[in-house]
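When a residue number appears, it is its place in the shown sequence, counting from 1. Heavy atoms only: backbone and side chains are in, while hydrogens, waters and symmetry mates are out.
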Amino acid sequence: TSSNMFCSLYLAGGIQSLGTYNTTTSSGNSIYVTKEGYIRKYVSSSSSMSLKNHIKEISYDDAKSLLNSRIFSFRYNPELYSLEDQKESQKDRYGFILEDLEKTFPMAVEHDEDGLPSSWCLQVVVPTHLAITKEHEHEIKQLKIENEQLRKELDLLKEEIHEISKN
């Protein structure tokens, strides 16, 4: 129904070498395949205000715990790939370890039917990161203004010292 966040379809026997396990689409409605063989689709991932309630802008204090999350370099286990795609398991990648992310920013971790961490949510991490970036951008602007004021004061002090030293 339109009130449900997910719709599910079960595929008996699983899916072989489609490269879609735990992958979401980049546009339109997101889908992914669970390890149990379910295709899950976000029904209403729209950003329209008409689909939301309890709306409030997040603050830097709400977002900053994401900064405590560690980013790792890793390779995926070879058994996750088909025989034709084994070279993909040799590629270094960057990302989260869900069990670690859950300790620092649990809101971003999604769980499977067994309650185990299954993926991290772009719809949480990206806006949170933007809120952090906006705060840092504001701080940088303030520091630039302060720095310019201090430079002007320093220049005035240098002039005063120069005038005093001439006398």
Side-chain angles (χ1 to χ4, degrees), residues 3 5-6 19-33 40-78 80-81 85-112 115-167:
S3 64
M5 185 66 165
F6 297 103
T20 57
Y21 172 70
N22 218 13
T23 301
T24 59
T25 59
S26 61
S27 63
N29 288 330
S30 295
I31 65 166
Y32 68 94
V33 179
R40 304 224 40 209
K41 174 187 163 206
Y42 287 98
V43 175
S44 46
S45 60
S46 171
S47 290
S48 172
M49 185 184 289
S50 66
L51 300 174
K52 301 173 181 180
N53 59 58
H54 295 85
I55 299 169
K56 74 174 186 105
E57 187 172 3
I58 65 170
S59 70
Y60 179 71
D61 286 338
D62 295 330
K64 69 183 178 183
S65 63
L66 178 63
L67 294 173
N68 296 324
S69 302
R70 298 184 300 170
I71 311 300
F72 296 90
S73 170
F74 60 89
R75 292 180 180 179
Y76 283 110
N77 294 334
L80 295 174
Y81 296 96
D85 292 330
Q86 283 298 301
K87 64 183 176 190
E88 291 295 313
S89 70
Q90 297 303 309
K91 288 184 179 179
D92 290 328
R93 302 180 189 275
Y94 301 133
F96 300 111
I97 301 297
L98 293 178
E99 294 80 359
D100 184 71
L101 181 62
E102 192 161 39
K103 293 174 189 171
T104 57
F105 204 68
M107 172 190 284
V109 178
E110 295 181 346
H111 297 83
D112 64 16
L116 299 172
S118 61
S119 64
W120 60 274
C121 183
L122 269 145
Q123 290 176 316
V124 171
V125 172
V126 172
T128 303
H129 187 269
L130 182 57
I132 293 167
T133 301
K134 286 171 65 175
E135 177 64 23
H136 289 173
E137 185 67 22
H138 175 73
E139 290 176 8
I140 289 168
K141 286 178 184 176
Q142 295 301 318
L143 289 169
K144 283 181 176 181
I145 291 168
E146 182 181 334
N147 191 36
E148 186 58 35
Q149 289 171 341
L150 290 171
R151 281 190 177 148
K152 287 178 183 177
E153 289 177 27
L154 181 60
D155 288 343
L156 287 173
L157 286 171
K158 284 179 180 178
E159 286 179 25
E160 286 179 28
I161 291 171
H162 181 70
E163 287 300 315
I164 291 172
S165 67
K166 285 195 323 186
N167 294 332

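Taking CD of Q149 as the reference point, atom CG of L154 lies at 13.5 Å (rounded to 0.5 Å). R75 CZ to D92 CG: the interatomic distance, rounded to the nearest 0.5 Å, is 4.5 Å. Separating the CD atom in Q86 from the CG atom in L80 is a distance of 9.5 Å, to the nearest 0.5 Å. Note that CZ of F74 and CD1 of I97 are 6.0 Å apart. Values are rounded to the nearest 0.5 Å. Atom CD in E163 sits 9.5 Å away from atom CD in E160 (nearest 0.5 Å). The distance from the CG atom of N68 to the CG atom of L101 is 11.0 Å, given to the nearest 0.5 Å.
Salt-bridge annotation for E137 and K134: absent, with no side-chain N of the basic residue lying under 4.0 Å from a carboxylate O of the acidic one. Between E88 and R93 there is a salt bridge, since at least one side-chain N of the basic residue sits less than 4.0 Å from a carboxylate O of the acidic one. Using a 4.0 Å cut-off between charged nitrogen and carboxylate oxygen, D85 and K91 do not count as a salt-bridge pair.
Remark: the backbone N or O of K144 is not paired with any side-chain donor or acceptor of N147 at under 3.5 angstrom. Within the 3.5 Å criterion, the main-chain N or O of G115 finds a donor-acceptor partner in the side chain of D112. Without hydrogens or angle criteria, E102 side chain to P117 main chain gives no donor-acceptor distance under 3.5 Å.
Between Y60 and H138, the distance from one ring center to the other does not fall under 6.0 angstrom.
The closest side-chain heavy-atom distance from I55 to M49 is below 4.5 Å. Counting heavy atoms from C-beta outward, K152 and L156 have side chains that stay 4.5 Å or more apart.
Of all non-hydrogen atoms in L98 and V109, the two that sit nearest each other are O-CG2, 4.0 Å. Minimum interatomic distance between D62 and E57 (heavy atoms only, all atoms of both residues): OD2-O, 4.4 Å. Across all non-hydrogen atoms, the minimal contact from Y76 to S89 is O-CB, 3.5 Å. Scanning all heavy atoms of the two residues, the minimum distance from A63 to T128 falls at CB-CG2, 3.5 Å.
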Next item on the list: Check the pair E110, S118 against side chain to side chain donor-acceptor pair (under 3.5 Å), reporting the backbone distance first and the verdict last.
Entry: CA-CA 6 Å; E110 295 181 346; S118 61; 5.5 Å; no

Note to self: Working note: L66 + T104, criterion side chain to side chain contact (heavy atoms under 4.5 Å, CB included); need CA distance, chi angles, decisive distance, verdict.
What the structure shows: CA-CA 7 Å; L66 178 63; T104 57; over 6 Å; no

Check: Run the side chain to side chain contact (heavy atoms under 4.5 Å, CB included) check on H136 and L67 step by step: do they pass?
Finding: CA-CA 12 Å; H136 289 173; L67 294 173; 4.2 Å; yes

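Counting heavy-atom neighbours within 6.0 Å of H129 NE2, excluding the residue itself, gives a total of 12 or less.
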